[in-house]
Amino acid sequence: MSASGCRVRFAPSPTGYLHIGGARTALFNWLLARRLGGRFVLRIEDTDRSRHVSDSLEKILADMRWLGLEWDEGPKDASVLDSAGAAGDAGTSGDGGEGDFGPYCQSQRLAIYQEHVQRLIDAGHAYYALETPEELAAMREQARANKTDYKYRRPDPLPTPEQAQAARDEGRPVVVRLKMGDADITVTDDILGEVTLAADQLEDFVIQKGDGWPTYHLACVVDDALMKITHVLRGQEHLMNTPKHIAIQRALGFDTPNYAHLPIIFNMSGSKMSKRDKEKAIKKGEVPPEIDVHDFRASGYLPEALLNFISLLGWSTGDDTEQITLDETARRFAVEGIGKGNAKFDRDKLLSFNTDWAARVSEDRLLECFVDYLQVNDSPLADLPDATLRRMLELCKGFRTFPDVIAKIGFAFVDDSAIEYQEKAVRKVLEKNDGAGYAVLRNVVACLESLDPWTASAIEAELTNFCEANDLKLGGVAQPLRVALSGGMVSPAIYDTLELVGRDRTINRIKQTMMQGSEQA
RNA sequence: GGCCCCUUCGUCUAGAGGCCUAGGACACCGGCUUUUCAUGCCGGCAACACGGGUUCGACUCCCGUAGGGGUCACCA
């Protein structure tokens, strides 16, 4: 096992793709495990069947793997949910090489939770409660109307097991609540320091729902203990949950792990980054912002850049170093370096990081990511030979994200007839000065038709000659050619572009352009 | 609203009483490079929320105010 005995976990709920905030939490946990030589556990918190979204597990696992955050223990693929049969009769562990503390999906651990709840009841730390959700809501509403604070009042006397059973027989839901003591509870947080919550702020909360499933609090605490988790790094939105968790730990006789609550990530506007931002943007006809890890993948970001960027949200190396590899980050990572204040997600800076990383990674790695990008987007370009893909990447150096590559050189891979000539480009480059651009094309096409071999350097020599012979600057011939080949005014270096497009198609597009010009005239 | 957390350039941050004329990065502005678009290079603008203390000395410590955030479910 691990040298340090350090065990951390990332515990997402399967409600869709992995959220970027979740990715940051996963990353910090992964980094801590790496730094301390511990184990990184992936646990799936799927105790609420009503919120379960199909395919979520596959998606989360895929996102984690795309990021390169492999887990030492946890579900290896989504089939673990099928293999264990009906949810509830679990309790088996260590199957399928997932790890020694499984199963790692809470939906397969029901028996374990119920056993612990029973222990709590038997020991007098917990009791049955008979109020319906409607009754509780009414009480809260009443309190609000009276402008008083609502707090659940423990029944006196407590419902007996017999009364609970009777209620269940009548079809009424019965929950189990934990008895909170009358002492304040202090959370010792490795980032925030000591945070004390007064006893009167604590109420007897539900640990087992009416359907027999545990609430998040119970399941989380039981699993952390059984999975021997030593460090809990989670978002600051959990800070007020921690006293509850400590209360359960004490009642069950568990040790309290080290807690550290991470600052939260916000949009530049200061609002939470949520899936709804995407819907809102779409409704307004705007490009939806990336929110889930998958969004960034589909938008053509590199995992290296994304990881590096989010590692710096709430943490810093301590000096002026910013762009470092994941391994280097793991070497330098320390909880003491994590800040307390919330951070805003600056997309411009991410873009800049991506630009730098795209220029830094090896050609092989860049190709790998590019192919992934094309495949995720179902692009027909994914079928192009590797050599061609490499050439595209090479010619577009300096790009920010992969869509830039397509925007810049994509025209080379469409039918000649599919080229759309932009009005502005045609006007500025071809029609201006009584069609000077068209004249250049007319003259240059003859040179190109007879050129052999068709290589960038041969093309360069030919065009240089052509410029001298016709008293033109290179721009005077490059721009008309660019418009003829691409329909617009942007492309990689012109010699390379001609080479890539090929002689036949180059000639064809030039002629096609001239024809359109004469039709206009 | 109660409770809790936070507060250095627009943004991410460095700073752990004199090293601060507050450093870096992104963004922004200007210039250079360039056959287009990018990239690259050089320069510039820009912050210690406010008010009290403590101290010879406060960005750094304490208190208050203001602002921001989190949380108050049979959701996690």
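In what follows, chains are A, B, ... by sequence order, proteins preceding strands, each numbered from 1. Side-chain atoms are counted along with the backbone in the values below, which use heavy atoms only and exclude waters and symmetry mates.
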No-H, no-angle donor-acceptor pair, [X] side chain to [N] base, under 3.5 Å:
| X | N | result |
| --- | --- | --- |
| A:K408 | B:C37 | yes |
| A:K349 | B:A25 | yes |
| A:E322 | B:G24 | yes |

Open item on the list: When the C1' atoms of B:G30 and B:A46 are compared, how many Å lie between them, rounded to an integer?
Closed with: 15 Å

TODO: Could you work out the separation of B:C72 and B:G15 based on their P atoms and round it to a whole Å?
DONE: 33 Å

Taking any heavy-atom pair under 4.0 Å as a contact, classify [X]: base, sugar-phosphate, or nothing.
| X | result |
| --- | --- |
| A:A137 | nothing |
| A:D356 | sugar-phosphate |
| A:K397 | base |
| A:I494 | base |
| A:L351 | nothing |

Open item on the list: How many whole angstroms separate atom CG of A:N146 from atom P of B:G1?
Closed with: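 Taking atom P of B:G1 as the reference, CG of A:N146 is at 18 Å.
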
- [ ] Check the distance between B:U39's P and A:L395's CG and give it to me in whole angstrom.
- [x]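 Rounding to the nearest Å, CG of A:L395 and P of B:U39 are 17 Å apart.
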
Task: All pairs passing salt bridge (charged side-chain N to carboxylate O under 4.0 Å, His left out) where residues 133-149 of chain A contributes a residue, at least two apart - done: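 For residues 133-149 of chain A, and leaving out neighbouring residues, the salt bridge (charged side-chain N to carboxylate O under 4.0 Å, His left out) pairs sorted by first residue read A:E141-A:R144.
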
Open item on the list: Quick check with a 6.0 Å cut-off and a 45 degree axis cone: is A:K244 positioned over the face of A:F205's six-membered ring?
Closed with: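 Here A:K244 passes the 6.0 Å and 45° test against A:F205.
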
Task: Heavy-atom protein contacts under 4.0 Å, nucleotides 70-76 of chain B, coded B base, S sugar-phosphate only, - none - done: BS-SBBB

Task: Nucleic acid footprint by protein, nucleotides 14-20 of chain B - heavy-atom cut-off 4.0 Å, B for base, S for sugar-phosphate alone - done: S------

TODO: Provide the Watson-Crick or G-U wobble partner of B:C45, both distances under 3.5 Å; none if there is no partner.
DONE: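 Checking every strand shown, B:C45 finds no partner, since no pair has both distances under 3.5 Å.
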
Task: Base partner of B:G64, which must satisfy Watson-Crick or wobble distances under 3.5 Å - done: B:C50

- [ ] Go through B:C3, B:C6, B:A27 for me and flag the one nearest to the A:D348 side chain.
- [x] B:A27

- [ ] Could you check which of B:G40, B:C12, B:G2 has an atom nearest any side-chain atom of A:A343?
- [x] B:C12

Open item on the list: By nearest heavy atom, map A:D404 and A:S271 onto RNA chain B; which one lands nearer the 5' end?
Closed with: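 Counting from the 5' end, the first nearest nucleotide belongs to A:D404.
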
Task: Contacts of A:D346 that satisfy salt bridge (Lys or Arg N to Asp or Glu O under 4.0 Å) - sequence neighbours left out - done: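 Salt bridge (Lys or Arg N to Asp or Glu O under 4.0 Å) check on A:D346 returns nothing, list empty.
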
TODO: Pick out which of A:R332, A:E328, A:E322 makes a side chain to side chain contact (heavy atoms under 4.5 Å, CB included) with A:T317.
DONE: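 The passing option is A:R332.
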
Task: A:V501, A:L381, A:D496, A:L500 screened by side chain to side chain contact (heavy atoms under 4.5 Å, CB included) with A:I409, the one that passes - done: A:L500

- [ ] Kindly write out the residues that satisfy side chain to side chain contact (heavy atoms under 4.5 Å, CB included) with A:P133, not counting sequence neighbours, or none if the list is empty.
- [x]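 Partners of A:P133 by the side chain to side chain contact (heavy atoms under 4.5 Å, CB included) criterion, ordered by chain and then number, come out as A:P173.
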
Task: Sidechain-backbone polar pair: A:R172 side chain, A:T132 backbone, donor-acceptor under 3.5 Å - done: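 Not confirmed, A:R172 side chain does not pair with A:T132 backbone.
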
Open item on the list: Tell me whether A:S56 contacts the main-chain N or O of A:V53 through its side chain, where contact means a donor paired with an acceptor under 3.5 Å.
Closed with: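 Yes, A:S56 side chain to A:V53 backbone: donor-acceptor pair under 3.5 Å.
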
- [ ] Would you please confirm or rule out a distance under 4.0 Å between OP1 or OP2 of B:A38 and any side-chain N or O of A:R400?
- [x]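 Answer is no, no contact under 4.0 Å.
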
TODO: Kindly state which residues belonging to residues 475-491 of chain A come within less than 4.0 angstrom of RNA chain B, counting heavy atoms of the residue only, listed by number.
DONE: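 A:G475, A:A478, A:Q479, A:R482, A:M489, A:V490, A:S491 - these, ordered by number, are the residues of the stretch whose heavy atoms sit under 4.0 Å from the strand.
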
Open item on the list: Counting only heavy atoms from other residues, nucleotides and ligands, does the tally under 6.0 Å from CG of A:D182 exceed 12?
Closed with: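 No, not enclosed.
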
